[in-house]
Amino acid sequence: MDYKELADLIFPNAKEISYYEELYPERNLSEGAKVTRFAPSPTGFVHIGSLFVSLIDKKLAKQSNGTFLLRVEDTDQKREVEGGVQGILDALKDFGLQVDEGVVSEKEEIGKYGPYLQSKRKEIYQAYAKDLISKGLAYPCFCTAEEIEEKRLTQENAKIRPGYYGVWAKCRNLGIDNMVEKINNGEKYIIRLKSPGREDKKIKHHDLIRGNIEFPENDQDIVIIKADGLPTYHFAHAIDDHLMKVTHVIRGDEWISSVPLHIQLFQVLGFKPPKYAHIAPLMKEEDGGKRKISKRKDPEAAVSYYHKEGIPEDAVTEYLLNIANSNFEEWRRANPEKSTDEFELALNKMGVSGALFDIVKLLDVSKNVISKYSKEKIYEDSLKWAKAYDAELKTVLENDKDYAIRILGIERGIEKPRKDIAKLSDIKYSMEYMYDDIFDKQSNYEFQKVSDEKEIKQILEKYVENYFDISDDKQMWFDKMKDLAEELGYAREVKLFKKEPEQYKGHIGDISMVLRVVITKRQNTPDLYEIMQILGKEKVQKRINNYLNK
RNA sequence: GGCCCGUUGGUCAAGCGGUUAAGACACCGCCCUUUCACGGCGGAGUCAUGGGUUCGAUUCCCGUACGGGUCACCA
């Protein structure tokens, strides 16, 4: 018997590989166009690191007029979770990372290089595995899990490199007849690559991010087809990225040590290898040290966390871009209004060691992003967020849309907008005192410098009696505040007070603070004039009376 | 442990043979301001370590320490 017959015995129904080579022709793309792919496995929530990688995939494809595709790597049925694919789709959609090709919903896909669900590509992998077997480049292995484990222990005890290679690759030299016999006897087996590599030889690899790296060649006879007939990651990666004509493989740097294997696989299969870019992981600080953000321990590892917190997706995107290329910040300052789509991302500007994911900085980015929103946009976004996470806020926003928009519009849309909202979940706090039912329930007034009740009441009485007129424009209102201050023995300008503090009881700021606290029960609020305008005459009057009569 | 990779202020980082070692976040101070915020100005704070190479090393080489990744029929 020869290899050809062995291959036929193992995969009797597999097609010739020429069939697939013809089925998937070269892409007709312009010079320099990059084909990238996001290839997650649906094993749980989408990790912020995966999002980071796919953001880079998307940008690279887009800025080169290439193609960004989504391939789902569902070859491990044991780890697969329900709704995993939908979660991936939702994350991409939320972050505006539409794919040009690949899986687009739980049931549909678009593009000519599919299927894009690895579980549906079983016959393709098997065809290539069969081809390898028929050429003597792969072979069935009958070792049991226990045998392998035992081998590993032996190797460890003897302090030699563990693995299935060289003399340890027992089934490699079984002989075709023995293999056939075992198969005919119904013994279970998997398919291994017959690695042509030698550990004492080096392979050079040029990584788009990490530069030149040298590794020992791979000499492990790794598994390519598992007992369930599905391929391992490595084998699927080589076949899929070849057949889908992926030019640039962007992935987390936990893969970098597999590069020798992958390049070998491409060579054995007769494929041209893609270019690789290995991205450093996002880290988190813990006890003064750094560690990779962990799915299990860190809520912020899940992209859904940002959604829940109300941190806008575009803020997360900006922050991630900033980690990717630190010149992004400079670009943003020079182009405050441009879409991040216009930022040109460069792989060689990416850092090689893991960056700490800094929530404080993210929030700062988020403040800036939100400060540029129009009042209508922030209303819509807040409402959308509230519908999902805050029923009370939702009611408030919906009850009187115009009123809410006016509140959200305070000091917004101007050259130097307020930057006190970092996430949509801050909205409630920032507007609730504008609503009587909530205001009335709020706790006591906390004054600053002027806290004597008699004095406060006098200020209020004078204000209502001589100065309060809701139809005043801002300048008039302010001038009247100054007059009021003067009348009561306070300086009408802070400067005057600073010059001769002993001459006055205080200054205009102290008077304003009294009014602010009485009207809002807050010491920190945006522009008081605007607040009063939005509340209107009755409410302002009522709030003042509330205090006077309490 | 083997193999890869890395280490610039608290954090993200630019620089990569000669620089007062950029910038951003955070922090502190001052100014502006009716408060807060914004904005403006200023401050403190860094090249892991030991050896080389060199007229000169943050930048190049070697060692050490520390950190990360990886060594599955998981991706």
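Order of the sequence lines sets the chain letters (A, B, ...), proteins ahead of strands, with each chain counted from 1.
- Looking at heavy-atom distances under 4.0 Å, A/Pro260 makes no contact with the nucleic acid at all.
- Around CD of A/Glu187, the count of heavy atoms belonging to other residues, nucleotides or ligands within 6.0 Å exceeds 12.
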Encoded 5' to 3' (Watson-Crick or G-U under 3.5 Å; [ ] crossing; | other strand), RNA chain B becomes (((((((..(((.....[....))).(((((.......)))))....(((((..]....))))))))))))....
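- The local environment of CD in A/Glu82 is sparse, with at most 12 non-hydrogen atoms from other residues, nucleotides or ligands closer than 6.0 Å.
- Of the possible donor and acceptor atoms, none in the side chain of A/Asn218 sits under 3.5 Å from a partner among the backbone N and O of A/Pro260.
- In summary, the side chains of A/Tyr529 and A/Asp472 do not present any donor paired with an acceptor at a separation below 3.5 Å, with no hydrogens or angles considered.
- Within the nucleic acid shown, A/Phe478 comes within 4.0 Å of at least one base atom, counting heavy atoms only.
- Looking at heavy-atom distances under 4.0 Å, A/Tyr233 makes contact with a base.
- At a threshold of 4.0 angstrom between heavy atoms, the contacts of A/Ile256 with the nucleic acid are absent.
- Among the protein residues, A/Ala355 comes within range of the sugar-phosphate backbone only, with heavy atoms under 4.0 Å from sugar or phosphate atoms but none that close to a base.
- Residue-level contact check: A/Gln220 touches neither bases nor backbone, having no heavy atom under 4.0 Å from any strand.
- Backbone-only engagement by A/Arg333 is indicated by non-hydrogen atom pairs under 4.0 Å involving sugar-phosphate atoms exclusively.
- Aromatic ring centres of A/His237 and A/Tyr276 lie closer together than 6.0 Å.
- Within a heavy-atom distance below 4.0 Å of RNA chain B, the residues of residues 419-430 of chain A found are A/Lys419.
- Reading RNA chain B from its 5' end, the first and the last nucleotide to sit under 4.0 Å from a heavy atom of chain A are B/rC3 to B/rA75.
- When heavy atoms are screened at a 4.0 angstrom cut-off, A/Gln523 is found touching base atoms of the nucleic acid.
- Both A/Arg161 and A/Asp358 sit near RNA chain B, but only A/Arg161 has its closest nucleotide nearer the 5' end.
- Because its NZ or CZ atom is both nearer than 6.0 Å to the ring centre of A/Phe439 and within 45° of the ring axis, A/Arg543 counts as a cation-pi partner of that residue.
- Of the two residues near RNA chain B, A/Glu199 and A/Asp253, the one whose nearest nucleotide lies more 5' is A/Glu199.
- A salt bridge links A/Glu432 with A/Arg522: the distance from a Lys NZ or Arg NE/NH1/NH2 to an Asp or Glu carboxylate oxygen falls below 4.0 Å.
- Of the possible polar contacts, none joining the A/Glu217 side chain to the A/Asp200 backbone as a donor-acceptor pair under 3.5 Å is found.
- Seen from the ring of A/Tyr164, A/Arg192 counts as a face-on cation partner, given the 6.0 Å and 45° thresholds.
- Remark: A/Lys521 is positioned above the aromatic ring of A/Tyr445, its terminal NZ or CZ atom under 6.0 angstrom from the ring centre and at most 45 degrees off the axis.
- Note that the CG atom of A/Leu265 and the CD1 atom of A/Ile224 stand 7.0 Å from one another [nearest 0.5 Å].
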